[in-house]
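Since the structure comes first, as structure tokens, the remarks are kept for the end.
Just follow the structure's listing: the first ligand is 1, and inside any ligand the first atom is 1.
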Amino acid sequence: MVIVPSPDVIGAEIQDVDLAQPLSDAEFSRIDAAFNKHAVLNFRNQQLDEPQLIAFARRFGEVERIFLTHYAHPKYPEIMFVSNIKENGQDIGHADAGRVWHTDMSYTARPPRATMLYALEVPVEGGVALGDTLFSSAADAHDALSPEDRQRIAKLRAVHQVAGRRARTGTGQEDQALRYQQPAVVHPVVRTHPYTGRKCLYVSKGECEGIEGMPKDEALALIDKLADHTIDPKFRHIHRWRVRDLLMWDNCTVQHLASLDYEWPSHRRLMHRITVDGTIPT
Ligand code: SIN
């Protein structure tokens, strides 16, 4: 197995490993360490059926239940379809997941440690893959703040609400109903990574609605400033998809965004998505 870091502040490709086969503890430890270090890992050319994908995810922790149940795989409820494909006029999966910069499920009390996407169909135009996924390092963004700014935000806590500003910009009605059942949660603005100890900015424009004890206008202005800083191009890594990529990312260290630059029915995109349990942000 070979670990090839990307030239960016995050991201690595893991080569010469077959995730369909059980991994030895030594191999898994190297992957786990690489995941903590590089935060976004890609494994090219994997041939994974659903049980194999679930088995690989389980090496990192408990696999989570999906709350957008209408997009769950009918046989494997741990797997959600992320897809623009329509059958009988209906989306078979989450068609616009990742439409804004975010970190997965920050609106839950215990957001997932890791998200995995396994590419089954990738849209292509003129030989170029569409639908890149963009990542940004919230750890490097934190480290780049001035000491004064770091001190100012160190003890702040933000309110995360999935039915917040992002939801109001237009997703499907069924999604909206499920989103509105999720109560708001409060998390530190600066999260300490549970494995590396690095400090990571943990706010996004889409899902943060306020900061405890701060007037709303002031809080939203600060959230937007920190969120814009987090996605500065110097902290980024872009993943260009190929069919049979297994990509995984660390929801504490990075935020991500999907490029929705492809259209049904001329382009088809189908991913299997799975998330692994995390820790309560501290
Ligand atoms: C997501 O945000 O979970 C999906 C990202 C993508 O589809 O590229």
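Taking the six-membered ring for Trp, Trp249 and His256 have ring centres closer than 6.0 Å.
Checked by atom type, the side-chain pair His229/Asp149 shows no donor-acceptor distance below 3.5 Å. Checked by atom type, the side-chain pair Glu50/His73 shows a donor-acceptor distance below 3.5 Å. No side-chain donor from either of Tyr262 and Arg268 sits under 3.5 Å from a side-chain acceptor of the other.
Of the N or O atoms in His256, one or more lie within a sub-3.5 Å distance of an N or O in ligand 1.
Ligand 1 lies nowhere less than 4.0 angstrom from a heavy atom belonging to His239. Residue Arg273 places a heavy atom under 4.0 Å from ligand 1. For Thr115, the heavy-atom gap to ligand 1 stays at 4.0 angstrom or more. Not close to ligand 1: Leu257, with no non-hydrogen atom less than 4.0 angstrom away.
For the pair Arg198 and Asp143, the salt-bridge criterion is met [side-chain N within less than 4.0 Å of a carboxylate O].
Counting the atoms of ligand 1 from 1 in the order shown, those under 4.0 Å from a heavy atom of Val82 are 7 (O). Near His102, meaning under 4.0 Å from any of its heavy atoms, are these atoms of ligand 1: 2 (O). Within ligand 1, counting atoms from 1 as listed, the ones closer than 4.0 Å to a heavy atom of Gly98 are 2 (O).
Taking a 4.5 Å side-chain heavy-atom cut-off between Ile, Leu, Val, Met, Phe, Trp and Tyr, the cluster of Val2 extends to Val4.
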Contacts under 3.5 angstrom, residues 273-282 side chains, donor-acceptor by atom type, not counting sequence neighbours:
| residue | atom | partner | partner atom | Å |
| --- | --- | --- | --- | --- |
| Arg273 | NH2 | Asp104 | OD1 | 3.4 |
| Arg273 | NH2 | Asp104 | OD2 | 3.3 |
| Thr275 | OG1 | Glu64 | OE1 | 3.2 |

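Ranking protein heavy atoms by distance to atom 8 (O) of ligand 1, first place goes to Thr133 OG1, 2.6 Å. Among all non-hydrogen protein atoms, the one lying nearest atom 7 (O) of ligand 1 is Arg269 NH1, 2.8 Å.
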